[in-house]
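This report concerns only the one structure given below.
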Amino acid sequence: MDLRERIAQMQEQINEMTAAHADEIEQLRIKYLSKKGEITSLFNEFRNVPNEEKREIGQLLNQLKEEATSRINTLKEQYDEAVSNASKADLTRTPDPIKLGTRHPLSLVKEEIIDIFSRIGFTVAEGPEIEDDWHVFSALNFPPEHPARDMQDTFFIEKHPDILLRTHTSSVQTRVMTSQKPPIRVLCPGRVYRNEAISARAHCFFHQVEGLYIDKNVSFADLRQALMYFAKEMFGPDTKIRLRPSYFPFTEPSAEMDISCNICGGEGCGFCKHTGWVEILGCGMVDPNVLEACGIDSKEYSGYAFGMGVERITNLKYRVKDLRMFSENDVRFLNQFKSC
Ligand code: PHE
């Protein structure tokens, strides 16, 4: 190939030169410009060029060398700039915009309940979801023939008639009473399970926050006061409460608490079945049998307990009509709680 063509070919290679690293730039310099480099060897051939072409070829060669040198210098500059920019960058930053998640409405409401009761001295206690009969039923004064002990209502672990999925977080209260001395003031949040067909109004699992207060001279008036404070904090200062007599094996006397319907303000609407009231929790004075079963002297101490379903409170606050929404993970539902 004639020297002119080789110069033109090399010119093309030089125009297309790229390098991602300092090492690669150095390799290019060696390849073209070092003592044994390709451009240098073209210069060595210059002496064989006939005299009449020397001027033209000499110019081409000088131009080639200049361009190769300048291209390599440019690559070096670009590389140095990239390195210094990189050192200015915050390498601890997560790449690209971070998608903000949303908190689950049940978590939001659970946290709010805990927050309200923590302002009057309650702390949180947690316990296992797989429990034994004693912590869920026996210690809590359930008679042996109580329907909750039936497989129709409770999930038992196969081949272990004593082990079950807790049906309420009162089992955590049992654990606290057997391991701590009064005064006791705890909230027991958590998931509970009941053997129910899944529909818009019932599910085989849901969430509770239960509370327990044991001390000397705790009265029903204390319970009522605490619950009224809770209802007003949660649903607004105009909220009214009403306690209706009820029955639970572990409390005596027992009551269910209604609040004035926060959707119609007590006027009567579809949600409150036109009564103006909605039930939100069960409560009562801890039955002395329960205190004794847990090793607490019922002559010295008394206490109150209450328990509420987080789904129900959430329905009331956010007007969620179908319980199944809570466990379907539909982002169109969950995204609505972004700003909460
Ligand atoms: N454990 C009851 C339930 O699951 C609620 C409750 C708790 C009632 C404490 C009274 C006292 O329905």
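In listed order, ligands and their atoms are each counted from 1. Positions are given from 1 along the sequence. Worth saying up front: this structure is predicted, and the values here are computed from it rather than measured.
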Legend entry - OG on Ser302 to CG on Asn217, rounded to 0.5 Å: 6.5 Å

Inset, instruction - For the pair Tyr79 and His21, name the ring-plane relationship: parallel under 30°, tilted 30 to 60°, perpendicular over 60°. - result: tilted

Scan side-chain atoms only and decide if [X] and [Y] contain a donor-acceptor pair under the 3.5 Å cut-off.
X: Asp287; Y: Thr251; result: no
X: Ser170; Y: Arg175; result: no
X: Glu252; Y: Tyr247; result: no

Inset, instruction - Write out the protein residues near ligand 1, meaning a non-hydrogen atom under 4.0 Å from one of its atoms, in order of chain and number. - result: His168, Ser170, Arg194, Gln208, Glu210, Phe248, Phe250, Thr251, Gly282, Cys283, Ala305, Phe306, Gly307

Inset, instruction - Verify the neighbour count for atom CD1 of Ile263: are there more than 12 heavy atoms of other residues, nucleotides or ligands below 6.0 Å? - result: yes

